[in-house]
Each structure stands twice: as structure tokens, then as C-alpha cells.
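We count residues from 1, following the sequence as given. Atoms within each ligand, like the ligands themselves, are counted from 1 in listed order.
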Amino acid sequence: MISLYFHIPFCKHRCAYCDFNTYAGQEELIPAYVDALVREIKYVASSSPQRLTVHTIFFGGGTPSLLNPTQYEKIFRAIRDHFDLTDLSDLEASLEANPGTVSFPYLRELRALGFNRLSFGVQSFHPGELRQLERIHDPFDVLEAVTWARRAGFANLNLDLIYGLPEQDPGQWAATVKHAVDLHPEHLSLYALTIEHGTPFGRWVARGLMPIPDPDLAAEMYEWSAEYLEAHGYIQYEISNWAMESGPLSTVHRQPSYACKHNLQTWRNQSYLGFGAGAHGYAAGVRYSNVLRIKTYVDRFHTLPADQLKFPISPAVVNHHRILPREEMQEMMMLGLRLTREGVSAQGFADRFQTRMVDVFGKEIKELVQLGLLEWAGNGSSEVLRLTRHGHLLGNQVFMRFVGD
Ligand code: SF4
């Protein structure tokens, strides 16, 4: 089964740390953008050799909560017209929402349309930190948004939080995590702030107007959070992600029931189609990305090329690359090792590539196991290679060993 990702590159204001492909002050282009998404869905689905079955749909951004329910209805109709959807009980339809942009009637309409998971970009419960990040919401907006989401019938909520801010006090971070847990979301994503070039944060740091966040302090915050969340019933399943389980977990490898199915698809190196400006996709062995600018993206669907492009390429694609078997193996390791419980299955690797993981990466695995960064867990057909607890903080160094060449 395939996953669909939709990029919604509109924001009311650009946050000071953000380097995503998103634009403020271009909301007048939303109707044309929605029409272009519908055309892209039709174009890509018609070029597929067979009708595809979808099991996850994810609207990310940007701020997807800037589109109105009528616009989502239009997109959902196009999805249903051109793809088969898996059983409703299995379908995950997620929307990233800015807590400062939602209302109860809006969330109720989204739920009625079929969305069943919301991901709120909370980042912090500290008003001063939210101002520093230049977020448009305050902590009360979050409380309201979560209350409205529950009343609207959402039983699967994620809250995104950011730690390691410049001069962030660990006590303030702990208070943010505790506030988040008190709201009982089914899922929590904790991201370390990275200072990106080209952002106001990047410029302020370069000019000495803002200190570089202390990486050791950020590591302490991460470790404290992992322990706190575990003590409060959250199961870590990915380096930055924790989820609740609705029943007892029977094996070490199984994902908690509220793990994000859409993101699991990418970490398992499985296929997903990306729609919209700057969206990425991976299907039929090809990785591709769409043009970044909204206006250019929209224009590309006004006059379609005379010849049908080969699936999964659409007129919006600016980069595409066929993945060679060696690269696919490297990606499998780099993505799969992010999954802290599941890791990369020895049997799964052998089934996919007709060769053993240890025959391809034996040297790297041996060294990383000796360094205490990787471990083998389970046995027989359920044997997996995964990061150790110590390795969670050094994931990037581990991944580099597999993609170094
Ligand atoms: S709301 Fe999210 S996507 Fe938009 S500018 Fe802020 S961080 Fe970036």
C-alpha cells in the first residue's frame, strides 16, 4: 500500500527558526494551489500502471490548517476518485495544525471529512520562548485547540515540541514537557532546534546577537525527556517520537498502536507520493522532488506536456533519481535505524535484497556494535539491528557510516 503526502506551503508569519519551504503573505494563491493539487493527483494516478491503494494521507507544511474545509473536501474527492482507500479502520489521515489558526467548528468539519489524526505545532508552553521563536500562538491557544479537537472527536493527537533553544533553562523545558503530558496526547514529537542558514536565527547567531544553543545541555534535556515520557506511559519508537499503546505490547519490536503510520512508511523505506510545491516522493524506485515556488508549481499544471510523463513523475517535478540497489540498502539502514524498537530486520533485509545485511555492511556493523552504538535484538527470523540507548543521541554518526561512500 502507498502513502500520500501533501505539502501546504502557506504560513501567516514565518517563524524565526524555520527553513521549511513555506511562504507568508501568499494566501490569495490558496484556491489556485488547491486546483493544482487536484490536477497533480489526477496526473500522477493516471500514469500509474495500476490503481493504487492508499493507507495513509498526511498534510504537512507550512500550515495546512490555513485551508478551509471546502478546499479539503475537493482534495479528498480527487483522492477517492483516483485511488482506492484502505478500510476506514486502517486509514490514517493526518493534518498538521497551528494551534493559533483553528476553531471548534473548523476541527469538527475536518473530522467529518475523514481526518482522524491531528498534529499540533506547540513547540513550547513558555510564552517567552514562543515569542523568541516568533510563533503566532500562545499557551492558551494550545489548551483550547486540544479541548476543541477532543470535542470534535479526534482520538489521536500529536504535539510537536522543540528543545535546545538558545539560553533555554532545563527547568523551563521540563515544564513544557509536563504541560504536554498533562494534556494526554497519544503521540509526542520532540525535536532539537537546529540553527539554519538563511533564517533570522542563523543571521542573529552569525552576528553574535544570539548564542549558539549548548549541545550538551540539549542532550541532557533529551535524556531527561526520554525518562520522563517512559515513566508516563509513552513508548519511544523513533529517535524523536513517542506514542501511547492501547493494549499490552507483546514483543520488543512491535510499534505502539499510536505510532504515526505515515512516518513509519518512510522510515521503512516504503513508497509514498508527494504532492505540492517542494514535496518529495519515492515510488517505483524513483526519488523525486517538486518545484519549490507556489506560483511556478501552479503554472506547471496550466499547460500540461503533450506526452504523458512516466510514473511517478509529474510536470511539477524538478529533480528525480532512480535509486540503485546499493543506495536502497544504504537508505534502508539510515532510515530503519531511526526506529529505536523495530530497527532493521535481518530477515526483512534479506527478503528485500536477496543478500544478508552482514554480508553488505559487516565491517560497519561490527565496529558500531563494539562502540556500543548498535545492538542485535531478538533471534531467528525476528532478529533486528537497532540503536542502543547511548546510540539514540549519536544517530547521525551511525547513519553516516552506512552512507559514507
Ligand atoms: S508555522 Fe511551521 S512551517 Fe510555518 S513558519 Fe512557523 S515553523 Fe515554519
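Using a cut-off of 4.0 Å between Lys/Arg side-chain N and Asp/Glu carboxylate O, Asp35 and Lys74 are scored as salt-bridged.
Geometrically, Arg51 does not engage Phe83 in a cation-pi contact, judged by NZ or CZ lying under 6.0 Å from the ring centre and within 45° of the ring axis.
No option in Arg338, Glu342, His187, Glu245 other than His187 meets the side chain to side chain donor-acceptor pair (under 3.5 Å) test with Tyr237.
Protein atoms that are N, O or S and lie under 2.8 Å from atom 4 (Fe) of ligand 1 are these: Cys11 SG.
At least one side-chain heavy atom of Phe353 sits less than 4.5 Å from a side-chain heavy atom of Glu328. Counting heavy atoms from C-beta outward, Val34 and Ile75 have side chains that approach closer than 4.5 Å.
Within the 4.0 Å heavy-atom shell around ligand 1 one finds Arg135.
The aromatic rings of His179 and Phe125 lie tilted to each other, with the angle between the two planes from 30° to 60°.
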Query raised in the report: Given the rule in the salt bridge (charged side-chain N to carboxylate O under 4.0 Å, His left out) test, do Lys295 and Glu28 qualify, once you have shown the distances and angles that lead to the verdict?
Result: CA-CA 11 Å; Lys295 184 76 175 51; Glu28 79 278 1; over 6 Å; no
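Those atoms of ligand 1 that come under 4.0 Å of a heavy atom in Tyr17, given as number and element, are 7 (S).
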